[in-house]
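It should be emphasised that the depicted structure is a prediction, and the values quoted were computed from it without experimental measurement. Along the sequence shown, residues carry numbers from 1. Values below: every heavy atom of this structure, side chains too, minus hydrogens, waters and symmetry copies.
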Amino acid sequence: MNWLRPLGNTGITVSALGLGTVKLGRDEGVKYPEGFTIPDERAARKLLARARDLGINLIDTAPAYGNSEQRLGQLLRGQREHWVICSKVGEDFDKGVSQFDFSPEHARFSVQRSLERLQTEVIDLVLVHSDGNDLQIIEQKGTLEALAEMKAAGLIRAFGMSTKTVAGGQAAARASDVVMLTYNLAQREEAAVLDTCQQLGVGAVIKKALASGHLARDYPDPVQASMDLVFAHPGTSAAIVGTINPQHLAGNVAAVRRTLAK
């Protein structure tokens with residue numbers, strides 16, 4: 001398998017591993033096993049440069065990630081063409097609390113705001129940031145339809161949903177370009193969503209591949225075991241890791257490359 005891979009039928013090519021950037025902008029209300037300090041500009045630039053050197057082109061952000069989008073707008077200035085940017089709509093995080101709005105009006109507002117924050121004319125991929133009520137959002141809110149309209153208008157290149165249920169992931173696969181789903185050593189039920197994505201030619205991006213740092217300790221090398229699992233499924237397009245440690249990032253990339261070389 002290749003390091004650079006098609007993102008379903010979107011026409012977008014992504015690296016097998018993408019960099020999640022919640023830790024660039026938010027350090028409260030997160031579920032990591034250890035605390036961390038949001039990196040300053042120098043450390044953030046070093047991290048992004050290391051990611052690019054390692055062959056990563058996919059970067060994941062969201063309005064719910066504090067000021068991550070604003071920081072990326074500055075940090076990626078002059079190198080936008082080297083990155084595939086994924087952002088989201090539906091969730092904002094303010095004063096320690098998540099607020100959800102899946103209306104088409106808010107989706108349009110959110111995309112325009114993200115375009116300004118990211119200092120770009122187009123966002124490669126925009127996902128609905130689900131609150132867990134996947135089917136209700138898909139069937140009743142009109143969010144995906146609004147994103148489809150923005151894709152037709154050229155504001156985004158592809159759209160989809162970051163889901164939290166099997167039924168929601170499968171429904172999103174039938175209604176959009178890309179699904180982001182949870183799949184790791186401890187949570188494997190969404191393999192059914194990967195099956196559906198593969199059958200439909202829809203992109204599948206894995207979140208929490210390393211269980212947000214809560215790795216299964218009954219494996220000699222839990223990182224390698226995690227990547228072996230994630231990329232054993234032919235439906236997987238890419239996986240997102242949210243580390244801010246350049247050494248950890250390099251280790252994760254090495255594990256993926258070992259998996260892909262088998």
Side-chain angles (χ1 to χ4, degrees), residues 1-5 7 13-27 30-62 65-69 71-88 118 124-125 162 180 182-185 204-217 219-231 236-262:
M1 289 187 283
N2 294 328
W3 171 256
L4 294 176
R5 315 148 70 79
L7 183 61
T13 299
V14 295
S15 51
L17 202 69
L19 178 64
T21 62
V22 61
K23 290 182 178 180
L24 288 185
R26 172 177 163 185
D27 60 358
V30 291
K31 300 177 181 179
Y32 299 105
E34 299 177 358
F36 63 93
T37 300
I38 293 176
D40 60 19
E41 181 174 347
R42 179 175 177 274
R45 288 191 182 280
K46 182 178 178 181
L47 177 72
L48 291 170
R50 183 62 173 138
R52 187 172 163 186
D53 288 344
L54 290 166
I56 292 173
N57 75 343
L58 175 60
I59 194 160
D60 178 70
T61 186
Y65 295 171
N67 66 345
S68 172
E69 287 186 315
R71 297 195 73 191
L72 288 172
Q74 294 286 339
L75 292 164
L76 301 183
R77 185 178 293 174
Q79 50 177 303
R80 174 66 181 89
E81 70 275 11
H82 297 293
W83 297 96
V84 173
I85 298 178
C86 170
S87 193
K88 305 178 187 73
L118 291 164
D124 301 293
L125 174 62
S162 177
M180 181 177 280
T182 299
Y183 188 54
N184 57 51
L185 294 170
V205 178
I206 307 301
K207 58 184 174 179
K208 301 180 181 178
L210 300 178
S212 300
H214 301 274
L215 287 170
R217 298 301 175 186
Y219 292 85
D221 185 341
V223 171
Q224 189 66 59
S226 298
M227 297 309 180
D228 287 348
L229 173 73
V230 165
F231 289 98
T236 298
S237 304
I240 301 293
V241 295
T243 184
I244 52 174
N245 183 313
Q247 290 75 34
H248 289 173
L249 185 61
N252 294 336
V253 168
V256 174
R257 289 190 179 275
R258 283 192 294 270
T259 295
L260 299 180
K262 293 180 180 178

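- Residues Ser237 and Val14 share a closest heavy-atom pair of O-CG2, 4.4 Å.
- Contact check for Val253 versus Val241: no side-chain heavy atoms found under the 4.5 Å cut-off.
- Of all non-hydrogen atoms in Ala43 and Pro39, the two that sit nearest each other are CB-CB, 3.7 Å.
- No side-chain heavy atom of Thr21 sits less than 4.5 Å from a side-chain heavy atom of Arg71.
- In this structure, the separation between CG on Leu185 and CE on Met227 is 10.0 Å, given to the nearest 0.5 Å.
- Looking at Asp60 and Lys207, their side chains never come closer than 4.5 Å, going by heavy atoms from C-beta outward.
- Looking only at side-chain heavy atoms (C-beta outward), Val30 and Phe36 come within less than 4.5 Å of each other.
- A side chain to side chain donor-acceptor pair (under 3.5 Å) check over residues 38-50, counting only residues at least two apart or in different chains, returns the pairs Glu41-Arg45.
- Lys88 and Ser162 share no side-chain donor-acceptor pair at under 3.5 Å.
- Shown here for Gly25 and Asn67, the closest heavy-atom pair between the two residues is CA-OD1, 3.1 Å.
- Taking each heavy atom of Phe231 and Ala16 in turn, the nearest pair found is CZ-O, 3.3 Å.
- Listed here is the closest heavy atom pair of Thr61 and Ser68: OG1-OG, 2.8 Å.
- At distances below 3.5 Å, not a single donor-acceptor pair connects side-chain atoms of Arg52 with backbone N or O atoms of Gly55.
- The existence of a salt bridge linking Asp228 and Lys262 is confirmed by a sub-4.0 Å separation between a basic side-chain nitrogen and an acidic carboxylate oxygen.
- Across Leu17 and Trp3, no two heavy atoms sit closer than the pair CB-CH2, 3.7 Å.
- In this structure, CG on Leu58 lies 11.0 Å from CG on Leu4, to the nearest 0.5 angstrom.
- In this structure, CG in Leu24 is found 11.5 Å from OH in Tyr65, a value given to the nearest 0.5 Å.
- The closest donor-acceptor contact from the side chain of Arg5 to the backbone of Thr236 lies under 3.5 Å.
- Taken to the nearest 0.5 Å, the CD atom of Gln79 stands 8.0 Å off from the CD atom of Glu81.
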Practice item. Test Val230 against Thr259 for side-chain contact (heavy atoms from CB on, under 4.5 Å), laying out the working first. Key: CA-CA 9 Å; Val230 165; Thr259 295; over 6 Å; no

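- For Glu69 (side chain) and Leu118 (main-chain N/O), no donor-acceptor pair under 3.5 Å exists by modelled atom type.
- Here the CG-OG1 distance, from Asp124 to Thr13, works out to 11.0 Å after rounding to the nearest 0.5 Å.
- For residues 241-256, the set of pairs meeting the side chain to side chain donor-acceptor pair (under 3.5 Å) definition, not counting sequence neighbours, is empty.
- Counting heavy atoms from C-beta outward, Arg26 and Ile38 have side chains that stay 4.5 Å or more apart.
- Here the straight-line distance linking atom CD1 of Ile244 with atom CG of Leu48 works out to 11.5 Å at 0.5 Å rounding.
- Checking Asn57 against Ser15 by side-chain atom types alone, a donor-acceptor pair falls below 3.5 Å.
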